2 protein chains.
Amino acid sequence: MGSPPPPSQSLIVKLESIAPVSDEERQAIVALPMTVRDIREDHDIVRDQDRPSQCCLVIEGLACRYKVLPGGKRQIFSFHIPGDIPDLQSLHLDVMDHNLGTLVPCRIGFIPHETARQFIRAHPRIGDIFWRDTLIDAGVFREWITNIARRDSYQRVAHLLCELYVRLRAAGLANGRTYAMPITQAELADATGMSTVHVNRSLQKLRGDGLIRSGKRSVTIEDWDGLQAAGEFDPTYLHLRPQALAA
Amino acid sequence: MGSPPPPSQSLIVKLESIAPVSDEERQAIVALPMTVRDIREDHDIVRDQDRPSQCCLVIEGLACRYKVLPGGKRQIFSFHIPGDIPDLQSLHLDVMDHNLGTLVPCRIGFIPHETARQFIRAHPRIGDIFWRDTLIDAGVFREWITNIARRDSYQRVAHLLCELYVRLRAAGLANGRTYAMPITQAELADATGMSTVHVNRSLQKLRGDGLIRSGKRSVTIEDWDGLQAAGEFDPTYLHLRPQALAA
DNA sequence: GTCACGCCCTAACCTATGTGTATCTTGGCC
DNA sequence: GGCCAAGATACACATAGGTTAGGGCGTGAC
């Protein structure tokens, strides 16, 4: 019933998950002009060395940031769900130091930098929330450093599954304890610094231990406490507001 | 000759290394009120779970951000040299998700959040540089993820030594190809996700290969090109201005 | 002066994890 | 109907890097 939600709806949900947003600010966000485009699967939106002139809002789908090393190895730094603006940093850093690509077909909103800058000037509180968002990003990177450097493969995968769950839930995109996870095991390997075979092993062990069930392109958490314990997961670093955390 | 540099001198050098700063802005920074305190070695300045009401400027010494895992393992996320404001994030993230501690005796300037916020409001361009600085921080974290996940121990240590060199040089704190590095091998291990023994092995190999010489609490780079190649080091991710990069 | 401790270094051992290869299933899509 | 990508499983093998243990040396404390 009613018209479809505006493309910025997911952005509002996202911002509200990390800071309060006033009615007036909400309206301003809805009015934020952007160009919406559908991008096919496994396609780069922005590339290493690019000098973007716009920011990307993930409206639908799943994207990731990654880098390819001289030897051809790939490292994924983050997954981005609807509501995220993965390259917000390009507002202040001219040159990209990594790639942003899709993992599945995505709907992306493009916001010119000039528009974004005017918007932030007109709504400094939202500017602060944007800054906050990039700081949370950094917090997630720190947690990934810890995850990769100090936890074994089983813990690593458990931790990543916890993070995805909490973030999707905060975005209103989890269905109970189940969420869509259209990420291949090879991609999980690129994110956790493991091999696909080892990701496979770890997932099987998580299943065997009754912590998760994983269907086709989705995950169901069978034992939330157990999974958190297995991954030493503590969501503090996501800096979500209590209501978004509980969801 | 002349009076000693104001405590904010290092901050000015730092900001100028990542963005242009006008004379007027420079004067405003010098006038920025802060409380200077000397902190002893191996002491926490801010702790995990704290809700700081001020930001810390490293004026002298060396600090690091780190987290301690349930099992007692420690992960260091970053090293901070004079001019850095390691907990700038606390301006927008209430609760600390990691610790900030000294590695050697430090001189630290404390700037109340309220002061910093007023300052940013009065000098929005410097506010943008601060934001930019936190974004560079995130870029460094991404590079560390890559380093730890995808490079072997030898490369990892080489990369870290390169990063420290370039940053210290941009801050005017390198002496030719030599720089002070009062970091123990155990701390290097905590930063690179390795064991002390393995850090030791890697340093020895770097020395054996004629890439570095390491004296007491200092490092001399014998073969800069070789060290960069060994660590696959590309300074793009530090987003330094050309003049700071060349230094 | 000497004692103790932190830091550095070394060596032997061992395990977690990656590599390579192979086979088999399943489901989606042309 | 058939192809292809993703996943599951299962070996054999290689090895980076962790663990444990012990020794030496410089330096600051007393």
Side-chain angles (χ1 to χ4, degrees), chain A residues 40-43 62 69 71-76 102-105 147-158 160-161 180-209 212-220 230, chain B residues 40-43 62 69 71-76 102-105 147-161 180-208 212-219 230-231:
Chain A
R40 68 168 190 278
E41 185 176 355
D42 283 320
H43 187 257
L62 184 67
L69 302 214
K73 292 180 182 174
R74 176 164 90 146
Q75 181 59 41
I76 293 179
T102 61
L103 293 170
V104 297
N147 206 33
I148 292 170
R150 294 294 170 202
R151 294 198 259 260
D152 67 27
S153 54
Y154 183 74
Q155 296 178 298
R156 255 183 253 184
V157 175
L160 182 53
L161 294 179
M181 194 191 66
I183 305 177
T184 68
Q185 297 186 358
E187 285 153 358
L188 286 179
D190 285 342
T192 51
M194 300 164 53
S195 64
T196 46
V197 180
H198 216 60
V199 167
N200 188 284
R201 271 202 280 266
S202 307
L203 283 173
Q204 282 181 45
K205 185 144 169 38
L206 288 169
R207 264 180 253 137
D209 292 348
I212 60 163
R213 235 167 344 120
S214 61
K216 34 174 199 167
R217 326 223 98 192
S218 82
V219 171
T220 301
Chain B
R40 68 167 190 279
E41 186 176 355
D42 283 321
H43 185 258
L62 184 66
L69 303 214
K73 291 179 184 174
R74 175 164 91 145
Q75 181 60 42
I76 293 178
T102 61
L103 292 171
V104 297
N147 207 31
I148 292 170
R150 294 295 171 202
R151 294 199 260 259
D152 67 26
S153 54
Y154 184 73
Q155 296 178 298
R156 256 183 252 183
V157 175
H159 192 281
L160 182 53
L161 294 179
M181 194 191 66
I183 305 177
T184 68
Q185 296 188 358
E187 285 153 357
L188 286 179
D190 285 343
T192 51
M194 301 163 52
S195 64
T196 46
V197 178
H198 216 59
V199 168
N200 187 280
R201 271 202 278 263
S202 308
L203 282 174
Q204 280 181 49
K205 186 145 169 34
L206 288 170
R207 260 180 258 136
I212 59 163
R213 233 165 348 119
S214 61
K216 34 174 200 167
R217 325 221 99 192
S218 82
V219 172

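Residue numbering restarts at 1 for every chain, and letters A, B, ... go by the order of the sequence lines. Not measured: the values here are computed from a predicted model.
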statement: To the nearest 0.5 Å, atom CG of A/Leu103 lies from atom CG of A/Asp42 at 6.5 Å

message: Please give me the minimum heavy-atom distance between A/Arg201 and A/His198, naming the atom from each residue.
response: NH2-ND1, 2.7 Å

query: Hey, is the main chain of A/Arg156 close enough, under 3.5 Å, to the side chain of A/Arg151 for a donor-acceptor pair?
result: no

statement: Between CG of B/Leu203 and P of C/dC8 the distance, given in whole Å, is 9 Å

query: Of the non-hydrogen atoms in A/Ala230 and A/Tyr154, which two are nearest, and what is the gap between them?
result: CB-CE2, 4.0 Å

- request: Considering non-hydrogen atoms only, spot the tightest contact between B/Leu160 and B/Ala191 and give its length.
  value: CD2-CB, 4.3 Å

Which atom of B/Arg207 lies closest to which atom of B/Ser214, heavy atoms considered: NE-OG, 3.0 Å

statement: Taking every heavy atom of B/Leu203 against every heavy atom of B/Val157, the minimum-distance pair comes out as CD2-CG1, 3.8 Å

N/O contacts under 3.5 Å, protein versus nucleotides 23-26 of chain C?
none

- line: Sorted by chain and residue number, the side-chain hydrogen bond (donor to acceptor under 3.5 Å, both in side chains) partners of A/Glu41 (sequence neighbours excluded) come out as none

statement: In short, salt bridge (Lys or Arg N to Asp or Glu O under 4.0 Å) pairs touching residues 190-200 of chain A with sequence neighbours left out are A/Arg74-A/Asp190, A/Asp190-B/Arg150

query: For the pair made of CD1 in B/Ile148 and P in D/dA16, what is the distance, rounded to whole Å?
result: 19 Å

message: At 10 degrees resolution, what angle do the end axes of the helix from C/dG1-D/dC30 to C/dC30-D/dG1 form when each is taken over five base pairs?
response: 40°

Euclidean distance, A/Ile183 CD1 relative to A/Ile76 CD1, rounded to 0.5 Å: 8.0 Å

Phosphate contact (D/dT9 OP1 or OP2) by A/Gln204 side-chain N/O below 4.0 Å: yes

- request: For D/dG7, take OP1 and OP2 only and decide whether either is under 4.0 Å from a side-chain N or O of A/Asn200.
  value: no

Side-chain donor or acceptor of A/Thr102 paired with backbone N/O of A/Arg40 under 3.5 Å: yes

Which atom of B/Ala149 lies closest to which atom of A/Gly193, heavy atoms considered: CB-CA, 4.0 Å

query: Would you say B/Gln155's side chain and B/Asp152's backbone share a donor-acceptor pair under 3.5 angstrom?
result: yes

Could you go over nucleotides 3-6 of chain D and give all protein N or O partners under 3.5 Å, atom names and distances?
none

task: Sugar-phosphate atoms are those with a prime plus P, OP1 and OP2; base atoms are the rest. Using that split, label each nucleotide of nucleotides 17-27 of chain D B, S or - for protein heavy atoms under 4.0 Å, 5' to 3'.
output: BBBB-------

- request: Write down the distance between CD (A/Gln155) and P (C/dA16), rounded to a whole number of angstrom.
  value: 13 Å

